[in-house]
Amino acid sequence: AGRTKPGVCLRLWSREEEAFREAFDLPEIQRIDFSESLLLLKKMAVADFASFPWLDPPSQAALGHSLNLLKLLGAVDPQTEALTPLGASMLLFPLHPRLSRVLLSAAQTGVLEEAAFAAALLQEKNPFRRSDNAPLGLRESISLLQEAEQKKFDRNFCQQIGLNAASARPISKIKQTFM
């Protein structure tokens, strides 16, 4: 695991679990959705993903899935597979294409602030501390964040409404970058 000198290595699983573990983790590119990277490669005019010099190439199924998603989102032309103007606009956000598409649609329909809050919430640690562990709806979450924002994330106020001020502050900043 990267040690270069003698030392101690602790196994954080049982001997029984050891028997079922894979010898190596799959490369990340084979485990995650890489639509965002594919969209960026489209902007760089990479046409043939199969011949791109990947360190670890993604599977053909993963390539197909990511490309189909980009087509569904309107980021890539379904026939030519070229980057669309919408796809180029989606690249303006440091987000997964799904979320950048949501923000662009929200801007057109007049609900950008709500969508920006939702996207920021998905990017950060959950700021809500509820003693009853009841889930919050999106509108209620946004409303609480807006109230905290208006109060400049006053620690006492945030505590009263069940919000962690330190976790909520970055959400507000991220929201502003999306607007």
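In what follows, every heavy atom counts, from backbone to side chain, and hydrogens, waters and symmetry copies are set aside. The shown structure was predicted, so the numbers you read here are calculated from the model rather than taken from an experiment.
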Closest heavy-atom pair and its distance - [X], [Y]:
| X | Y | result |
| --- | --- | --- |
| G74 | T84 | O-OG1, 2.5 Å |
| A119 | L103 | CB-CD2, 4.3 Å |
| S59 | A62 | OG-N, 3.0 Å |
| L67 | L38 | N-CD2, 3.6 Å |

For L104 and F93: C-alpha separation, side-chain torsions, deciding distance, then whether side-chain contact (heavy atoms from CB on, under 4.5 Å) applies. CA-CA 10 Å; L104 290 170; F93 299 99; 3.7 Å; yes
Got a sec, which residues hit side chain to side chain contact (heavy atoms under 4.5 Å, CB included) with [X], two or more places apart in sequence or on another chain?
| X | value |
| --- | --- |
| D33 | S35, S66, L69, H96, R98 |
| L40 | M44, L91 |
| A75 | L39, L70, M90 |
| Q146 | E113, F117, I142 |

Is it true that R139 and S143 share a donor-acceptor pair across their side chains at a distance under 3.5 Å? no
For a 4.5 angstrom cut-off between non-hydrogen side-chain atoms, does [X] reach [Y]?
| X | Y | answer |
| --- | --- | --- |
| S51 | D48 | yes |
| I171 | L121 | yes |
| F34 | L63 | yes |
| F178 | L95 | yes |
| L99 | Q123 | yes |

Do the side chain of [X] and the main chain of [Y] share a donor and acceptor less than 3.5 angstrom apart?
| X | Y | value |
| --- | --- | --- |
| W13 | R21 | no |
| S172 | E149 | no |
| S89 | P85 | yes |
| E17 | S14 | yes |

What's the separation between atom [atom1] in [X] and atom [atom2] in [Y], rounded to the nearest 0.5 Å?
| X | Y | atom1 | atom2 | value |
| --- | --- | --- | --- | --- |
| L86 | S105 | CG | OG | 7.5 Å |
| N164 | R169 | CG | CZ | 9.0 Å |
| I161 | L144 | CD1 | CG | 5.0 Å |
| C158 | K151 | SG | NZ | 10.5 Å |

Tell me whether F128 is reachable from L138 by hopping between hydrophobic residues (I, L, V, M, F, W, Y) whose side-chain heavy atoms are closer than 4.5 Å. yes
Hphob cluster co-occupancy, L72 + V76, side-chain heavy atoms under 4.5 angstrom: no
The test is side-chain contact (heavy atoms from CB on, under 4.5 Å); show your working for K175 and M179 and say whether it passes. CA-CA 7 Å; K175 177 203 80 164; M179 293 185 62; 4.0 Å; yes
Kindly indicate, with the supporting measurements, whether the criterion side-chain contact (heavy atoms from CB on, under 4.5 Å) is fulfilled by F157 and K152. CA-CA 9 Å; F157 175 77; K152 307 254 189 269; over 6 Å; no
What pairs of residues pass the salt bridge (charged side-chain N to carboxylate O under 4.0 Å, His left out) test when at least one of them lies in residues 54-70, not counting sequence neighbours? none
For E81, check salt bridge (charged side-chain N to carboxylate O under 4.0 Å, His left out) against everything at least two apart and list the hits. K71
F49 and L41: side-chain contact (heavy atoms from CB on, under 4.5 Å), yes or no, with the steps? CA-CA 8 Å; F49 300 120; L41 289 173; 3.7 Å; yes
